[in-house]
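Reading through the structure tokens given below for one structure.
We number each residue from 1, following the sequence as shown. Just follow the structure's listing: the first ligand is 1, and inside any ligand the first atom is 1.
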Amino acid sequence: MDDRTYTADAEPGDTVTVAGWVHEVRDLGGIAFLILRDTTGKIQVKFEVEEMDDDLVETGLNVHRESVISVTGDVEEEPRAPTGVEVTPASVDVISEADPELPLDPSGKVDAELSTRLDNRTLDLRKDEVKAIFEIRAEVLRAVREQFRELGCTEINTPKIVATGTEGGTELFPITYFGQEAFMNQSPQLFKQLMVGSGLERVFEIGPIFRAEEHNTPRHLNEATSIDFESAFADHTEAMDACEAVVKAAYEAVEENCQDELVALDLADEFEAPEGDFPRLTYEEAIERINATGELDEPLVWGDDLPTEGEHALGQDVGEHYFITDWPSEIKPFYIMDKDDEVSTGFDMMHPEMELVSGGQREHRYDHLVDGFEQQGLDPEAFDYYTKMFKYGMPPHAGWGLGGERLIMTMLGLGNIREAVLFPRDRQRLSP
Ligand code: ATP
Ligand code: AMO
């Protein structure tokens, strides 16, 4: 529709054609108002029942909510209208009539369960506060890409159908690949490492990861978006610096460019980009601080993974984003470089509510890498496509993976990670 005007651009004195959804019809007897909504906002359309053509009034007042219509008419100033202007229609065209029985109310006056909302995402995203999440998500990804560019990274895309897993502790989704066993990729881990040995040196990828998590939790998805970084000639501290820069850039971009969306989410007053360096605690300090909170029944000992309640207690104690460094080697994956017999270069970056990032310096020495596979009960032969490249000149390197939805979820204080995905995949949900 070339001749269409967005509602936000309709100025008094203009003759416009506005098109969008019927948000609401209010019939006050002699006068009636139709509120038309498009992606830029809403505009009032006024029907003076006695003075206007009967067909026009009938069309305008009988159209069901959420139908798609276009209205042509003159724009006038009207201080009592929600946006200060209104359209007096010369014609109304019903383009796509909506069923009067809506599965959910896009005006938000009637609350709907999350599952009803996810089943009807198209209608759900007509709400300003839901649309705002995805506008912010897009801004975060834009800002993250820009920050990676400033860090000198090249964007890569790696395969999602693979022959082996990498992340122990979470299950793989098996698929059949021309009669051969294959899996949906859990992480671009091995491929991004292969690339830092290739001459690209510093890479990032934003793409889906697939994890057959058994449980339904508010912070796990079966298909998530991983933001991955990997750099040659870097150690874990440089990887942490890059991680901090990327997370801060995301917050700063939202603060700067998404004020309308923050208002829609009722977050404009409280939203703050993190300032200052993220504290860096060692694993040992972390478990001591968790134990000191007295929140756990059993105190943690060296080698324990941090349980969810422990992460939460520590998050409350620290009160801002922070890193946990110097994890025990035994609970970090085979590809993480050890500092000594017990301690690794692995790190996690935490939001007070949950883990956002895992990373570390990588083992780039062929013999150590192959030994590491064996120690974790993995068959090095199956990973030959990966390990063999470590025989032909692999620089020291480090990197991390950041959960995209967890970043959005924690940034906006969403209670459920599914709020940050258009069409989430979980135990119960395979469509839409
Ligand atoms: P990892 O980082 O170890 O590869 P992950 O990203 O799933 O796995 P988190 O989600 O941060 O790790 O998990 C932290 C803690 O949350 C775990 O130690 C465990 O206690 C708990 N947890 C992890 N997965 C689940 C799950 N599917 N259901 C319930 N609790 C879980
Ligand atoms: P890890 O398994 O810790 O590390 O994953 C990195 C980050 O990805 C997010 N994440 C998830 N988000 C939602 N649902 C899930 N099921 C899910 N699983 C993971 C989390 C997590 O912190 N290869 C390493 C990264 C690296 O070392 O570069 C890895 O995948 O925010």
Side-chain angles (χ1 to χ4, degrees), residues 137 140 144 153 156 158 160 162 164-173 184-196 202-231 234-236 238-240 242-243 246-247 250 305-306 308 311 315 321-325 327 331-337 344-351 353-364 372 376 386 397-411 414 416-421 424-427 429:
R137 182 181 158 123
V140 163
V144 163
C153 299
I156 58 169
T158 63
K160 304 305 157 206
V162 296
T164 59
T166 55
E167 309 302 319
T170 166
E171 297 296 314
L172 286 155
F173 283 114
M184 303 301 292
N185 204 11
Q186 293 170 308
S187 162
Q189 182 63 38
L190 306 188
F191 298 101
K192 64 178 180 172
Q193 286 190 259
L194 292 178
M195 284 305 99
V196 299
R202 200 169 248 216
V203 296
F204 79 95
E205 176 165 9
I206 301 176
I209 55 169
F210 304 90
R211 298 185 175 203
E213 306 278 0
E214 280 299 319
H215 304 97
N216 258 324
T217 81
R219 63 197 173 87
H220 287 88
L221 293 161
N222 294 107
E223 177 175 348
T225 308
S226 188
I227 300 171
D228 275 88
F229 168 84
E230 202 68 25
S231 176
D235 65 11
H236 58 292
E238 291 162 296
M240 287 193 276
C243 176
V246 165
V247 169
D305 220 331
L306 305 190
T308 307
E311 272 182 16
H321 289 88
Y322 62 101
F323 287 96
I324 305 177
T325 65
W327 286 76
I331 53 170
K332 281 290 170 189
F334 62 84
Y335 50 75
I336 296 283
M337 174 79 89
S344 76
T345 62
F347 64 83
D348 283 0
M349 200 275 280
M350 314 292 293
H351 177 273
E353 297 292 332
M354 74 191 74
E355 176 199 311
L356 296 184
V357 176
S358 287
Q361 187 175 339
R362 318 307 189 179
E363 180 56 77
H364 66 283
Q376 291 205 356
Y386 164 74
H397 58 285
W400 43 262
L402 159 65
E405 287 80 13
R406 288 194 186 179
L407 176 62
I408 305 293
M409 177 188 184
T410 51
M411 178 184 276
L414 306 174
N416 193 314
I417 197 165
R418 291 160 185 77
E419 295 273 7
V421 193
R425 291 289 169 263
D426 64 29
R427 284 292 295 223
R429 191 167 284 281

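Here atom 25 (C) of ligand 2 lies nearest to S358 when heavy atoms of P333, S358, A398 are compared. Considering only non-hydrogen atoms, atom 8 (O) of ligand 2 lies nearest to G403 out of G346, G404, G403.
Ligand-side atoms of ligand 2 in range of W400: 26 (C), 28 (O), range being under 4.0 angstrom from any heavy atom. Under a 4.0 Å criterion applied to the non-hydrogen atoms of H220, ligand 2 contributes the atoms 14 (N), 16 (N). Close approach of ligand 2 to V357 is summarised as follows: ligand atoms under 4.0 Å from at least one heavy atom of the residue are 22 (O). Near Y335, the atoms of ligand 2 lying under 4.0 angstrom from a non-hydrogen atom of the residue are 23 (N), 24 (C), 27 (O). Counting the atoms of ligand 2 from 1 in the order shown, those under 4.0 Å from a heavy atom of L356 are 7 (C), 20 (C), 21 (C), 22 (O), 31 (O). Atoms of ligand 2 lying under 4.0 Å from at least one heavy atom of L221, given by number and element, are 13 (C), 14 (N), 15 (C), 16 (N). Against a heavy-atom cut-off of under 4.0 Å, G359 is close to the following atoms of ligand 2: 27 (O).
For K192, the closest heavy-atom approach to ligand 2 falls below 4.0 Å. Ligand 2 lies within reach of E355, whose nearest heavy atom is under 4.0 Å from it. Heavy-atom distances between F229 and ligand 2 stay at or above 4.0 Å for every pair. Remark: distances from the non-hydrogen atoms of G360 to ligand 2 are all 4.0 Å or more. Proximity of R362 to ligand 2 is established by a heavy-atom distance of less than 4.0 Å. Using 4.0 Å as the threshold, R219 has a heavy atom nearer than that to some atom of ligand 2.
Under 3.5 Å, the side chains of S231 and E238 contain no donor-acceptor pair of N or O atoms. A side-chain donor-acceptor contact under 3.5 Å links T308 and R219. With 3.5 Å as the limit, one finds a donor-acceptor pair spanning the side chains of T225 and E405. Defined by atom type and a distance below 3.5 Å, a donor-acceptor pair is present between the side-chain atoms of N216 and R418. Using a 3.5 Å distance cut-off with no hydrogens or angles, the side chains of Q193 and Y386 do pair a donor with an acceptor.
Salt bridge annotation for E419-R406: absent, with no cationic side-chain nitrogen under 4.0 angstrom from a carboxylate oxygen.
No side-chain donor-acceptor contact under 3.5 Å links D348 to the backbone of I324. In this structure a side-chain-to-backbone donor-acceptor pair under 3.5 Å is missing from E355 to E311. The backbone N or O of T158 sits less than 3.5 Å from a side-chain atom of K160, completing a donor-acceptor pair. A distance-only check finds no donor-acceptor pair linking the side chain of E213 to the backbone of L221 [under 3.5 Å]. Checked by atom type and distance alone, the side chain of S226 never pairs as donor or acceptor with a backbone atom of G207 at under 3.5 Å.
Any N or O atom pair closer than 3.5 Å counts here, and I417 shares no such pair with ligand 2. Considering backbone and side-chain N/O atoms, G401 comes within less than 3.5 Å of an N/O atom of ligand 2. Close N/O approach between I336 and ligand 2 is not found [any backbone or side-chain N/O within under 3.5 Å]. Looking at ligand 2, you'll find an N or O of Q189 within less than 3.5 Å of one of its N or O atoms.
Checked options H215, H220, E214; the residue passing with R427 is E214 (criterion: side-chain hydrogen bond (donor to acceptor under 3.5 Å, both in side chains)).
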